[in-house]
Amino acid sequence: MVLHELGAKINEAFRKLSKESDIDEKVLDAILKDICTALLTSDVNVMRVRELRDNVKKSVNIEELGATANKKRVIEKVVFEELCNLVDPGVQAWQPKKGKFNVIMTVGLQGSGKTTTCTKLASFYHRKGWKIGLVCADTFRAGAFDQLKQNATKAHIPYYGSYNEADPVQIAREGVEKFKQEKFEIVIVDTSGRHKQESQLFDEMTQISNSIDPDNVIFVMDGTIGQSAEAQATAFKDAVNVGSVVLTKMDGHAKGGGAISAVAATKSPIIFIGTGEHVHDIEKFSARPFISKMLGMGDIAGLVDAVKDLRIEDNKDLMQNLSKGIFTLKDLRDQLEMIMKLGSLNKIAGMIPGLPQDALKGMDSEAGTKQLKQFMCIFDSMTEKGK
Ligand code: GDP
């Protein structure tokens, strides 16, 4: 789970608080010291941590609060709100519009996870029922088109690119035009992440942007770079009109708190975080559910959303069987396949309020996934009668 360690340390501080029979200023200071140390260890900027501490101290007036239980609740609530403020840029994120052709352009440094993110985003919107296509406008890196093609094919997403055309602006324009003609609803254009010189990279981004006039420019950034995220996000924001940010490689990275809070400070809304190498390893980002999950309080809205994406009702055979009280081996196989589409089991566990953070520890390990796949292979090799 993302920032699991940070969440565990803050919860430990809350647990200490609940053991205290009398809560005074000294106890509050000790708790805040633990929380601030945990945030600093996760690479959150020292100024922001100090701000959080001062705000909690200002909001909690120990003298005026009544019973001990009440004090505990107030402290927890105020800390929760301040943690939300830390990662909330306070800016409404862009959303694609129905009935319109939505053009998204992604920018970011090579290796940040841009191409992977393009397919993850396309697959996310595809699951939500959008007609979406991908364009590879990276002609600088050899193999960029092949990578996008492979990812897109695996995720069943239509794509456009060229082995012969060297001008990325031309490819971007052609790809966008093609998908527009074919009445697609969203097109995502992947651009280059490296050039001989940084100025050339920014020039190319500007030219592509001027040519395709994107509705949203998504800046894809490696979340493991910690506090330097703020400087990088600002540089890209100044060069092209960045509308939103995707932070990648947030899976289990102890320092991820630095990137999230640093980007939030640039007022660029983080719309998704990448949580692994697979196509479903992407999570919608919004401050409250994120902090709630981090503290093991779940995210029911996110869970409902994820289950809706599975569109179980589209599986007519299963629905018919279930209505008759029948559950066959094939139904079991289909169900397992759907569950695997939700992403890692730990991710799902994190959305269920009250479930211990490590309840499903190890279950989404390579071995667990391999076992599920083995079951499916065994099933697929059975005769119709056996099923
Ligand atoms: P690009 O050069 O920016 O297009 O980067 P790629 O999409 O080729 O990704 C670079 C590497 O990062 C690849 O090995 C990806 O599998 C990996 N990667 C991308 N996103 C994530 C993520 O969210 N988590 C992890 N663990 N790896 C990621």
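Indexing begins at 1, ligand by ligand and atom by atom, following the structure's order.
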**OP:** Using a 4.0 Å heavy-atom threshold (strictly under), name the region of T275 that reaches ligand 1: side chain, backbone, both or neither.
**Re:** backbone
**OP:** Kindly confirm or rule out an N or O of T117 lying under 3.5 angstrom from an N or O of ligand 1.
**Re:** no
**OP:** From atom 1 (P) of ligand 1, work out which of G143, G111, G274 has a heavy atom at the shortest distance.
**Re:** G111
Original post:
In terms of the angle between their ring planes, are F236 and F219 parallel, tilted or perpendicular, with boundaries placed at 30° and 60°?
Top reply: parallel
Subject >> K97/D215 salt bridge by N-O under 4.0 Å criterion >> reply: no
Subject >> For R141, the ligand 1 atoms whose distance to one of its heavy atoms is below 4.0 Å >> reply: 4 (O)
Subject >> Atom pair CG/OG1 of L247 and T275 - distance to nearest 0.5 Å >> reply: 12.0 Å
Subject >> Shortest protein heavy-atom distance from atom 4 (O) of ligand 1, along with the residue and atom involved >> reply: T115 OG1, 2.7 Å
**OP:** Would you mind checking which non-hydrogen protein atom is closest to atom 12 (O) of ligand 1, with the distance to 0.1 Å?
**Re:** K249 CE, 3.4 Å
Original post:
ligand 1 versus H278, non-hydrogen atoms closer than 4.0 Å: side chain, backbone, both, neither?
Top reply: neither
Subject >> Those residues that, when tested against K9, pass salt bridge (charged side-chain N to carboxylate O under 4.0 Å, His left out) (two or more places apart) >> reply: none
Subject >> Residue part near ligand 1, for L109, under 4.0 Å between non-hydrogen atoms >> reply: backbone
**OP:** Inspect the contact between E81 and R288 and indicate whether a charged nitrogen and a carboxylate oxygen are less than 4.0 angstrom apart.
**Re:** yes
Original post:
Considering only the protein, which heavy-atom contact is closest to atom 5 (O) of ligand 1, and what is its distance?
Top reply: G113 N, 3.1 Å
Original post:
Any idea which protein heavy atom is nearest atom 22 (C) of ligand 1, and the distance to it?
Top reply: G276 O, 3.1 Å
**OP:** Could I get the full list of salt bridge (charged side-chain N to carboxylate O under 4.0 Å, His left out) partners for R48, not counting sequence neighbours?
**Re:** E230
Original post:
Does atom NZ of K183 have more than 12 heavy-atom neighbours, drawn from other residues, nucleotides or ligands, at distances under 6.0 Å?
Top reply: no
Original post:
Closest non-hydrogen protein atom to atom 6 (P) of ligand 1, residue and atom name please, with distance?
Top reply: T116 OG1, 3.5 Å
Subject >> Protein contact of atom 8 (O) of ligand 1 - nearest heavy atom, named by residue and atom, plus distance >> reply: Q147 NE2, 2.9 Å
Original post:
Which bit of D251 is near ligand 1, meaning a heavy atom under 4.0 Å away: side chain, backbone, both or neither?
Top reply: side chain
Original post:
Within less than 4.0 angstrom of ligand 1, does G108 place any heavy atom?
Top reply: no
Subject >> Nearest-neighbour protein heavy atom for atom 16 (O) of ligand 1, which is reported as residue plus atom name and distance >> reply: E277 OE1, 2.8 Å
Original post:
Is I104 linked to V279 within one hydrophobic cluster, defined over Ile, Leu, Val, Met, Phe, Trp and Tyr using a side-chain heavy-atom separation of less than 4.5 Å?
Top reply: no
**OP:** Decide if atom NZ of K131 counts as having more than 12 heavy atoms of other residues, nucleotides or ligands within a radius under 6.0 Å.
**Re:** yes
Original post:
Hey, is K57 close enough to E25 for a salt bridge, meaning N to O under 4.0 Å?
Top reply: yes
Original post:
With a 4.0 Å cut-off on heavy atoms, does G193 reach ligand 1?
Top reply: no
Subject >> Element-labelled atoms of ligand 1 that are located less than 4.0 Å from some non-hydrogen atom of K114 >> reply: 1 (P), 3 (O), 4 (O), 5 (O), 7 (O)
Original post:
Does the pair D167 and T139 meet the rule for a side-chain hydrogen bond (donor to acceptor under 3.5 Å, both in side chains), with working shown?
Top reply: CA-CA 7 Å; D167 179 8; T139 51; over 6 Å; no
